[in-house]
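Let me begin by presenting the structure, written as structure tokens, before commenting on it.
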2 protein chains.
Amino acid sequence: MTTKPGLAQPKPSASRARRERERQQMRARLLEAARDIAAEEGWNAVTIRRIAHKLEYTPPILYQYFSSKESLFVELMLVGFSELTARLEAAAEAPAPQRLAAMAEAYWAFAFASPELYQAMNGMDGVPFGTAETPPEAKTAFRTFRIALQSIAEARGAELGDPGGAVDTVWAFLHGCVSLAMAGRVKGGTERARALMLNGLEPLFAAQLSS
Amino acid sequence: MTTKPGLAQPKPSASRARRERERQQMRARLLEAARDIAAEEGWNAVTIRRIAHKLEYTPPILYQYFSSKESLFVELMLVGFSELTARLEAAAEAPAPQRLAAMAEAYWAFAFASPELYQAMNGMDGVPFGTAETPPEAKTAFRTFRIALQSIAEARGAELGDPGGAVDTVWAFLHGCVSLAMAGRVKGGTERARALMLNGLEPLFAAQLSS
DNA sequence: ATCTAATGTCTAACAATGATAGATTTCCTG
DNA sequence: CAGGAAATCTATCATTGTTAGACATTAGAT
């Protein structure tokens with residue numbers, strides 16, 4: 001043995017990189033398959049065998065890329081936060097007077113464009129969240145939101161008394177509106193729920209301003 | 001056959017009533033067992049065999065009282081709405097100036113006193129809600145809330161521009177706060193989440209007043 | 001070019017789950 | 001007491017997530 005056998009140093013040889021890339025692609029394909037099935041038939045229909053079959057593999061293949069079915073769900077949750085962040089960042093570019101509404105509409109649009117991801121992020125049984133530490137993808141989404149809210153306050157010549165609290169408050173309201181709407185629990189349907197959300201947004205935000 | 005065999009008339013004979021009563025008691029015991037297990041170990045641990053074993057029965061017993069495991073969940077959801085209604089009604093007795101906060105605290109207290117029911121009511125995968133028609137238990141909770149909000153508005157010499165919309169809006173906010181807090185996604189923990197909820201409540205409600 | 005070791009994938013099986021059919025017991029009613 | 005209905009159990013099913021071990025393929029060193 002010419003080298004210490006303990007920790008295999010990366011050895012960035014020729015095709016080592018390709019193998020790793022292919023591995024990541026396979027992970028992505030598994031995630032996409034699970035997501036597609038969930039989007040079409042709901043999370044109950046997402047089974048290991050269905051995922052594997054969709055890619056023309058056999059069931060145990062999943063465990064070469066994820067430690068369990070649940071860990072695949074967790075990863076999809078992170079994908080969800082990333083996609084949400086992208087939409088929030090885009091909405092933050094809106095001119096200041098409409099920026100608040102744009103953020104809310106971005107949140108809403110994400111939820112209804114990808115309900116399967118939204119469900120994976122919120123409340124789907126089996127996805128722990130607060131139990132472990134908050135994942136960085138969620139922190140990023142939160143930070144994007146905070147910066148946007150602060151910029152809106154600034155544009156009004158005020159500032160947020162408690163920026164973190166303001167984000168939590170607004171986020172909770174948006175989530176509540178989406179959650180009830182998605183469950184079909186708002187009388188006038190989703191269109192009305194969206195209007196109620198936009199109505200409540202402004203006073204809720206204004207109350208977060210200080211000085 | 002002396003009578004039409006089609007629809008068996010009730011025949012309210014002697015002990016027929018007791019049988020029916022016992023049947024309802026057994027249903028209640030099954031529901032309670034499921035709820036207890038969920039409260040102690042989470043909904044994932046609620047299995048047909050666990051429920052039956054807890055009552056010293058064999059698994060198929062459940063199907064003599066419920067058409068499926070899911071239908072038992074749905075029934076527990078209804079129990080949840082009933083218990084929530086009871087708390088809301090009690091809170092509606094508070095003096096007008098504190099009544100709004102009392103309603104919110106009642107909602108919060110219910111959620112954290114019976115998280116297993118709260119989860120069964122909201123978002124737990126496998127419990128359809130908006131799909132079918134809204135169950136009467138949920139309508140009752142909603143109505144209790146609406147009457148309370150209207151009474152608060154009246155006490156302030158105003159009225160709600162859109163009573164139904166006001167309830168949906170406030171409800172969404174409360175649900176969002178509880179949901180995020182329960183998932184451990186509010187920075188300062190549940191105590192802070194509760195404070196944020198109470199802070200946001202007033203401006204959100206005030207914006208629902210008209211004239 | 002060939003041998004060896006690692007990597008990827010499959011076959012076969014496991015225990016646990018929700019659910020059903022049919023036998024069996026228990027209990028009411030006539 | 002007899003007959004039937006109601007309640008419960010035994011045994012079994014297909015499906016689920018998961019693992020162990022065999023097989024094949026490829027990478028890297030000789």
Side-chain angles (χ1 to χ4, degrees), chain A residues 1-3 5 7-30 33-34 37-38 41-74 124-127, chain B residues 1-3 5 7-30 33-34 37-38 41-74 124-127:
Chain A
M1 54 180 85
T2 63
T3 64
L7 298 170
Q9 50 214 25
K11 207 77 163 308
S13 71
S15 60
R16 194 84 171 192
R18 194 206 62 214
R19 294 284 283 261
E20 181 57 24
R21 203 186 334 148
E22 285 175 349
R23 189 176 171 77
Q24 290 309 111
Q25 282 180 3
M26 184 64 176
R27 273 178 70 93
R29 289 208 293 155
L30 286 166
I37 297 169
E41 307 178 41
W43 280 108
N44 287 341
V46 179
T47 173
I48 285 186
R49 284 169 177 78
R50 289 264 285 143
I51 296 173
H53 181 72
K54 185 154 198 163
L55 302 180
E56 299 182 296
Y57 279 81
T58 50
I61 193 63
L62 186 140
Y63 297 92
Q64 301 299 329
Y65 297 88
F66 298 92
S67 65
S68 69
K69 191 193 182 191
E70 180 176 320
S71 85
L72 181 145
F73 286 167
V74 170
M124 208 182 68
D125 206 29
V127 176
Chain B
M1 54 181 86
T2 61
T3 65
L7 298 170
Q9 49 214 27
K11 204 82 164 300
S13 71
S15 62
R16 193 84 169 192
R18 194 206 61 214
R19 292 282 283 258
E20 180 58 23
R21 203 185 334 144
E22 285 176 348
R23 189 177 172 77
Q24 291 308 112
Q25 283 181 1
M26 186 60 176
R27 274 178 70 93
R29 287 171 70 206
L30 286 165
I37 297 169
E41 308 179 41
W43 280 108
N44 287 340
V46 179
T47 173
I48 285 185
R49 284 167 177 80
R50 288 263 288 150
I51 296 173
H53 181 72
K54 185 154 196 163
L55 301 180
E56 298 182 298
Y57 279 82
T58 51
I61 194 65
L62 185 139
Y63 298 92
Q64 301 299 329
Y65 298 88
F66 299 92
S67 65
S68 68
K69 191 193 181 192
E70 180 177 319
S71 86
L72 181 145
F73 286 168
V74 170
M124 208 182 68
D125 206 29
V127 175

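Numbers restart at 1 for each chain; the letters A, B, ... are given by sequence-line order, proteins then strands. Atom set for the values below is all heavy atoms of this structure, side chains included, hydrogens, waters and symmetry mates excluded.
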* Side-chain contact test, heavy atoms from C-beta onward, threshold under 4.5 Å: evaluate it for A/Leu30 versus A/Tyr57 and give yes or no. => no
* Asked: Which whole-number value in Å describes the distance from B/Arg23 CZ to C/dC28 P?
  -> 15 Å
* To do: Under 4.0 Å between any heavy atoms, over every strand shown, what does B/Pro59 touch: base, sugar-phosphate, or nothing? Just pick one.
  => nothing
* Roughly, in whole Å, what's the span from CG in A/Leu72 to P in D/dT18? -> 10 Å
* Closest to the B/Pro60 side chain: D/dA11, C/dG8, D/dA27? -> D/dA11
* Asked: Would you find a donor on one side and an acceptor on the other, under 3.5 Å apart, between the side chain of A/Lys69 and the backbone of A/Val46?
  -> yes
* Asked: Rounded to whole angstrom units, what separation is found between the NE2 atom of B/His53 and the C1' atom of C/dA16?
  -> 15 Å
* Asked: Would you call B/Glu22 and B/Arg18 a salt bridge, taking side-chain N to carboxylate O under 4.0 Å as the test?
  -> yes
* Could you check how far CG of B/Leu62 sits from P of C/dT20, rounded to whole Å? => 11 Å
* Structure fact -> Closest to the side chain of A/Arg18, out of C/dA19, D/dT26, C/dC28, is D/dT26
* Under 4.0 Å between a side-chain N or O of B/Thr47 and OP1 or OP2 of C/dG18? -> yes
* To do: With rounding to the nearest 0.5 Å, note down the distance linking CD in B/Glu20 to CD in B/Gln25.
  => 11.0 Å
* Looking at A/Tyr57, does any N or O in its side chain come under 4.0 Å of the phosphate oxygens OP1/OP2 on C/dC10? -> no
* Is there a donor-acceptor pair closer than 3.5 Å between any side-chain N or O of B/Arg49 and the backbone N or O of B/Pro59? -> no
* **Distance, rounded to the nearest Å, where A/Ile48 contributes CD1 and C/dA15 contributes P** => 18 Å
* **N or O in side chain of B/Arg49 less than 4.0 angstrom from C/dA19 OP1/OP2** => no
* For D/dT16, take OP1 and OP2 only and decide whether either is under 4.0 Å from a side-chain N or O of A/Arg50. => no
* To do: Starting at atom NZ of A/Lys69, determine the distance to atom C1' of D/dT15, rounded to an integer number of angstrom.
  => 11 Å
* Asked: For A/Tyr65, which contact category applies under a 4.0 Å heavy-atom criterion: base, sugar-phosphate, or nothing?
  -> sugar-phosphate
* Asked: For the pair made of CG in B/Asn44 and C1' in C/dG18, what is the distance, rounded to whole Å?
  -> 15 Å
* Which residue lies more 5' along DNA chain C, comparing B/Tyr63 with B/Arg19 via nearest heavy atoms -> B/Tyr63
* Nearest-Å distance, CD (A/Glu22) to P (C/dG8)? -> 9 Å
